Amino acid sequence: MRLLSNPYRRRWIGWGLLVAAFFLVSLHRSSTAVLSGELMRAFDTTATSLGLLHSSFFYLYAAFQVPAGLLTDRYGARATAATGTAVMSAGAVAFGLASTYSVAFGGRVLVGLGASVLFVAALRFCANWFRPDEFGTMTGATFSVGILGGLAATTPLAVAISRLGWRGSMVGLGVAGLAAAVGILLVSHDSPADAGLEPIDDVPDRPDVTDAATLKRYVSDAVREPETWLLGIMLFFMTGIGITIFGLWGIPYLVQTHGISVTEASVYLLVGNVGGMIGPTAFGWLSDRWGQRTGLIVFSTVVFGLTWAVFAAFGTVPLFLVGAIFLFSRVLRGGVPLAFTVIKERHPEGASGTVIGIVNTMGWIGAAVFPVVLGAALDAYWTGDTVNGTRVYTELGYRVAFAIAAAAGLLAAACAILLHVRTRAERPLETGTDLEQPTD
Ligand SMILES: N[C@@H](Cc1c[nH]cn1)C(=O)NCC(=O)O
């Protein structure tokens, strides 16, 4: 019981439940790769209808980031996250039990809708329970849990499917999500005061909820601020290219240019994702210690652009270097989630969810756009070769795709540098005070 009545312990349990639900979001988001064969057999789908089932999640997720932020600020992180987790989990159960494609599609739509609130709600919770000089670490740690959820959608999900079947696995994830929803409702209160607890030292007393008229003003203030667009455009490139290469074209590139198996290729992506888990938490922690945000974002965007420039320049990079580059570049890219910390710190406390939702939207629009852009580049250099009906792309095609990724990285770096220069004159993060200040 002391666990729940001590605000310093309670905040970790509340956050743990929220990120457990966010872990499920990431798992569902990436699950179609492993589920695809089963779904084709169960519903006799074409590649197009399977693609629709997969991509509908991303479109819904992107479209609902702003409403998710508004709901979180208006009704609180607890109510919004518990409802979202329950909707997502009911969708997973419906998906697992579906007897037709339409029911499965409806279930997947519910999963996407419910899932869309959890990242924003988890960060809004952190804004109310953690000090400003802890928020960078919490942003990074939340992001890292997202990467872990994506990892769970690979071999662990495949093992679960082989033991429980795809339907049993989906229903199981749904039941786990419903349990998380109940836990969030019981424990993840909007603030220490809302939970009836003593305040936490140096955590400013924040409004649990914001009224609708004030929220409208916050949205118009945010969209008029150039920094919002610089952060959003930077995330558009970074999330878009990252998700496209690590979620889609990375495996075909390794298989087709190095002649290795899909299983072997997936090990290199796994190594990259391990880096992707370490980087955000490490950079968040460093950022809080150093009182530095935008300089770290600049560093990460430059490393990102240079990484893809290496692949664009050399095409077939030796495999040991591929592993090393994937690992280190993903670690060093860990400064990017600080974008959410920066936007939160530029606006009033009651707008945290809304402004985080606004910039996150742009990242996920990138994730919808770049698979098509890089796919078109590969198709443009395709020479007509196929193996077992699958297109085999040329090394030149991959180099052009990587050159686009490098150019996207440079544009992201330009946004980050501009942001850094514009915000340099503002006061640095004051640690240990009850004031939140714009950083850098
Ligand atoms: N972990 C990220 C998603 C991501 C980016 N690159 C690979 N995965 C994340 O948490 N993004 C925010 C969200 O809304 O999921």
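When a residue number appears, it is its place in the shown sequence, counting from 1. Just follow the structure's listing: the first ligand is 1, and inside any ligand the first atom is 1. FYI, side chains are in, hydrogens and waters are out, and symmetry mates aren't considered; it's all heavy atoms of this structure. Remember, predicted model here, so these are calculated numbers, not experimental data.
- Atom CG of D73 sits about 4.5 Å away from atom CZ of R124, to the nearest 0.5 Å.
- Salt bridge absent: D221 and K216 never bring a charged side-chain N and a carboxylate O closer than 4.0 Å.
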Name each donor-acceptor pair under 3.5 Å that joins a side chain in residues 235-255 to protein atoms two or more places apart or in another chain, with its distance.
{"from": "T239", "atom 1": "OG1", "to": "L235", "atom 2": "O", "distance (Å)": "3.1"}
{"from": "T244", "atom 1": "OG1", "to": "G240", "atom 2": "O", "distance (Å)": "2.6"}
{"from": "Y253", "atom 1": "OH", "to": "G315", "atom 2": "O", "distance (Å)": "2.6"}

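- If you take CD1 on I343 and OG1 on T228, they are separated by 4.0 Å, rounding to the nearest 0.5 Å.
- By the salt bridge (Lys or Arg N to Asp or Glu O under 4.0 Å) test, D379 pairs with R391, sequence neighbours left out.
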Would you mind writing out a table of all protein N or O atoms found under 3.5 Å from any N or O atom of ligand 1, naming both atoms and giving the distance to 0.1 Å?
{"from": "ligand 1", "atom 1": "1 (N)", "to": "F143", "atom 2": "O", "distance (Å)": "3.4"}
{"from": "ligand 1", "atom 1": "14 (O)", "to": "Y61", "atom 2": "OH", "distance (Å)": "2.5"}
{"from": "ligand 1", "atom 1": "14 (O)", "to": "N360", "atom 2": "ND2", "distance (Å)": "2.8"}
{"from": "ligand 1", "atom 1": "14 (O)", "to": "W364", "atom 2": "NE1", "distance (Å)": "3.3"}
{"from": "ligand 1", "atom 1": "15 (O)", "to": "R29", "atom 2": "NH1", "distance (Å)": "2.9"}
{"from": "ligand 1", "atom 1": "15 (O)", "to": "R29", "atom 2": "NH2", "distance (Å)": "2.9"}
{"from": "ligand 1", "atom 1": "15 (O)", "to": "Y61", "atom 2": "OH", "distance (Å)": "3.2"}

Run the side-chain donor-acceptor check on residues 76-96: report pairs under 3.5 Å with partners two or more places apart or on a different chain.
{"from": "R78", "atom 1": "NH1", "to": "L185", "atom 2": "O", "distance (Å)": "2.5"}
{"from": "R78", "atom 1": "NH1", "to": "H189", "atom 2": "NE2", "distance (Å)": "3.3"}
{"from": "T80", "atom 1": "OG1", "to": "L71", "atom 2": "O", "distance (Å)": "3.3"}
{"from": "T80", "atom 1": "OG1", "to": "G76", "atom 2": "O", "distance (Å)": "2.7"}
{"from": "T83", "atom 1": "OG1", "to": "A79", "atom 2": "O", "distance (Å)": "2.7"}
{"from": "T85", "atom 1": "OG1", "to": "A81", "atom 2": "O", "distance (Å)": "2.6"}
{"from": "S89", "atom 1": "OG", "to": "T85", "atom 2": "O", "distance (Å)": "2.6"}
{"from": "S89", "atom 1": "OG", "to": "L178", "atom 2": "N", "distance (Å)": "3.4"}

